[in-house]
Amino acid sequence: MAVARRTAKSVWDRFSASDPGLLRLMAGLRTVGAILLALAVLALVDTSVTHLVAGAMAAMVATFAIQEKEVRGQAITLALGLPVALAAISLGALLNSRVVAGDVFFVMLIFGAVYSRRFGDRGTALGLIGFQVYFVSLFVSASVSALPELFLTLTIAFVCSAVARFALVPETPERTLARLREAFRARLAQLVAHQIELLDADAGDVDAVLVDLRRSTARLHEAALMIQGRLEEGTRDASAAALLQRRVADAEIAAERLGVLLLNARSAERVETLTLHLPNASAAMPARARIAQDAGSALRRDLRALLLLVVRLVPDDRGTALPYVRNRLLGYREERGLPQGSPAVQDCFRAVGEAARAISGLRLAVDASQDEEYDTPEAARSREEFEAEEISISGEAAAAAEEEPTGLRRPTTRAAVQVSVGSALAIVGGEFLSTQRWYWAVLTCWVVFLNTASTGEILVKGYRRLVGTVLGVVAGVALAGAVGNHTWIAFALVLLCVFGMFFTAPLSYALMSFFVTAMLGLLYTLLNTYSLDVLVLRVEETALGAACGIIAAVLVLPVRTSHRTDEELGTVLARLREVVSAAVAQLSGGPAVDLVDLARDLDTALDDLRSSTKPLTHPIAPLRARRQNARYVVALLETCAYHARSLAATAELVPSSKSVAADARLALAGRRITHNIDLIAAHVRDEETGGEIESGASIASMLDSGRHEVLRTGSVAFRVLRHLQRLDEGIVGLARPLGVPLAAREEKAAGTRNVG
């Protein structure tokens, strides 16, 4: 029984780690629940199959369109959405037989729906409801005579959506944040487990373990970003949000650093150290090898102990075993009980101690009263450091409002004009293909513009939608043939497709399109309008809509992919400079600042850059050199961001820690890095600069004659210099692919000017 429970918990941990906060699962269940409830109520009032389809589609729209985080805001938007839906279905029925007037209104509706995004989540939801319900009226061929029954159908659909949202599958910011914390714990546990595998892996298995390690690190970072995005709504006040944000960032950085040090230790020691764990081999080993073997065994033991701390990272765990493990690991931070071994291996033990401290801090942020009676002096000092940090967190900070563009430069206005032009083209072209189902081309044109910001993104999204549609047609043919005239079996399969659509939407747009098209094949079967020609027409209309969207994006107020990537690159460089300069200043004895906020801004900017470069790195991108260049630049920036976050985490310890002291000489080491970042940022902005990238001597050698003393002060000083050195190398490495001139002693750059 215990084995079964552990197995079930392990499987659940893997699932929750793959879906942080269970956001995709809850979205799918909520939408399916709303549709199922609407179908049940409509069946009780003995409505027609056509209105069953309309009710199911309306319930789906009313559920997925609303993305507000606060429950009160969701209720208000849902209440406002019903009159918008009733107006849309009425206009659809009135204009259904008036071709020109209907087409003109449809284009105006599309413009308004896209333009309404500028009013936030509520404007986006109401615009989406208006557009989609008008589309439903076209899909079911709504007529004026059927409006009373359609009004009843829509009202039932919206009420069922409210019941599913607020009663069947309730969602509050606090619950979402709690699930995200659990997902972070699961992903942190996965990362530590993969680090143990790295330690134990044979030489031939290291590459596979490294792939898992990188994937786990990326997923942990993703979960951390999602938590940060939900903090303000899911915590009781701004101070609690800032505290939890700090603890999550500490745990993420400590886990990343531990992985890097383990890899360094394995590379440095190789067979004669960590991998020497064969039975009965110690007698034949020299003393150094026996010490290495003992250190390797101790490190494995402590990593498993660290994994235990992560697995039991919940407030209701009590007892003496966990505090004992925590206290022993915390002692490594102050050289207490540090096992013998090479410098690389001892750095791993210190990193284990730092990770244990970060995990303890995360637990304290969730449950303030924790095992104080078992504290050792090291644990008590860590607790005092946490309390000092908590006291230093100020109240709610006023966010500086950024100047927004106006007129046609505003993203929502530009997108509205582009979608309107593309939709007008799709209407004209769609009418030539089919006077009955031309609206599929318009829907595709609309969809390819959602959540896109450049021509390249629209091209890739159109391609993915077409691929998913073609595959969905094949599935639709098979499902329609299997279902036949069995109405409720068809509705059951529709629900499965809806769940698949929402569960896979954040992962793959092609998969989502596949489920949408398969669902449509079933809906056509229910409406007795199914045929192979209809599904083939669906592919043709999809291709036409994607083409019209791309044409509009290229010809009407275009945003070139290279221009957007340059903007995002400039933002990343600016955020990187802020983090580096602030961290170095604090490490040099300057005033304390909130480095966690700066590091979070850097992470957000880097994620935006990754998104903007996806069209350049997609397999269909024709320019191979451009694709490789973009990947290289993003990889270098990710490395720089890691070392900048690590610097910030170390600098955060300076005001309160007894083991981390400021050193004024570090200011000189950071000056060259910020100078080089400024030059690269100016070059990306097309500004004239007379300077060149400085490189040459290592960061450590730039310090004065006392540099050897700095390196001997302990592992913290050594790590600071190493992070600065890696940052310096990464920034100099950026100069070549971005075409920034190097100093005369370096080779001149060769490459393109921007990321693309």
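- Here the closest non-hydrogen pair linking Leu109 and Gly130 is CD2-O, 3.8 Å.
- Looking only at side-chain heavy atoms (C-beta outward), Thr504 and Ser508 stay at 4.5 Å or farther from each other.
- Within the 4.5 Å cutoff, no side-chain heavy atoms of His51 are placed close to those of Leu42.
- Between Trp446 and Phe131, the ring planes lie parallel to each other; the angle is under 30°, not in the 30° to 60° tilted range.
- Counting heavy atoms from C-beta outward, Leu78 and Phe166 have side chains that approach closer than 4.5 Å.
- Ring geometry for Phe502 versus Phe64: interplanar angle of 30 to 60°, hence tilted.
- With hydrogens and angles ignored, the 3.5 Å screen pairs a side-chain donor or acceptor of Arg187 with a backbone N or O of Arg219.
- Nearest heavy-atom pair, Cys497 versus Phe515, reported as atom, atom and distance to 0.1 Å: O-CB, 3.5 Å.
- When all heavy atoms of Trp488 and Ala43 are compared, the closest pair comes out as CH2-CB, 3.9 Å.
- Between the side chains of Glu541 and Thr444, no donor-acceptor pair of N or O atoms lies under 3.5 Å.
- Not less than 6.0 angstrom separates the ring centroid of Phe106 from the ring centroid of Tyr439.
- The distance from the OG1 atom of Thr517 to the CE atom of Met512 is 9.0 Å, given to the nearest 0.5 Å.
- Summarising the geometry, atom CG belonging to Leu29 is positioned 11.5 Å from atom CG belonging to Leu36; distances are rounded to the nearest 0.5 Å.
- Between Tyr134 and Leu91, the shortest heavy-atom contact is CE1-C, 3.9 Å.
- Looking only at distances, no side-chain donor or acceptor of Thr435 sits under 3.5 Å from a matching main-chain atom of Glu431.
- Remark: side-chain polar atoms of Ser116 are paired, donor with acceptor, to backbone N or O of Ala113 under 3.5 angstrom.
- For the residue pair Thr50 / Ser48, no side-chain donor-acceptor distance below 3.5 Å is found, with atom types taken as modelled.
- At distances below 3.5 Å, not a single donor-acceptor pair connects side-chain atoms of Asp608 with backbone N or O atoms of Glu568.
- Ser161 and Thr63 share a donor-acceptor pair across their side chains, judged by distance under 3.5 Å alone.
- Here the side chains of Leu523 and Leu520 are in contact, with some heavy-atom distance below 4.5 Å.
- Note: Leu493 CG to Phe491 CZ = 11.5 Å, rounded to the nearest 0.5 Å.
- Using a 4.5 Å heavy-atom threshold, the side chains of Trp438 and Val99 count as separate.
- Across Ala552 and Phe449, no two heavy atoms sit closer than the pair CB-CZ, 4.3 Å.
- Going from atom OG1 of Thr155 over to atom CG of Leu82 covers 5.0 Å, rounded to the nearest 0.5 Å.
- Closest non-hydrogen pair, Gly55 versus Ala38, comes out as O-CB, 4.4 Å.
- Taken to the nearest 0.5 Å, the OG1 atom of Thr469 stands 5.5 Å off from the CZ atom of Arg465.
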What do the steps show when you test Val539 against Leu466 for side-chain contact (heavy atoms from CB on, under 4.5 Å), and what is the final call? CA-CA 7 Å; Val539 175; Leu466 184 59; 4.3 Å; yes

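- Annotation: side chain of Phe499 is not in contact with side chain of Thr31 (no heavy-atom distance under 4.5 Å).
- Inter-residue side-chain proximity for Met60 and Met501 is flagged as met; some heavy-atom pair is nearer than 4.5 Å.
- Looking at Gln418, its side chain does come within 3.5 Å of a backbone N or O of Val556 through a donor-acceptor pair.
- Between Glu68 and Arg122 there is a salt bridge, since a side-chain N of the basic residue sits under 4.0 Å from a carboxylate O of the acidic one.
- The CG atom of Leu126 sits 11.0 Å away from the CG atom of Asp121 when rounded to the nearest 0.5 Å.
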Assess whether side-chain contact (heavy atoms from CB on, under 4.5 Å) is satisfied between Thr542 and Trp440, documenting all intermediate values. CA-CA 6 Å; Thr542 298; Trp440 289 121; 5.5 Å; no

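- Ser137 contributes no side-chain N or O that, together with a main-chain N or O of Ile89, makes up a donor-acceptor pair within less than 3.5 Å.
- Counting heavy atoms from C-beta outward, Arg464 and Val460 have side chains that approach closer than 4.5 Å.
- Here the side chain of Thr571 pairs a donor or acceptor atom with the backbone of Glu567 at under 3.5 angstrom.
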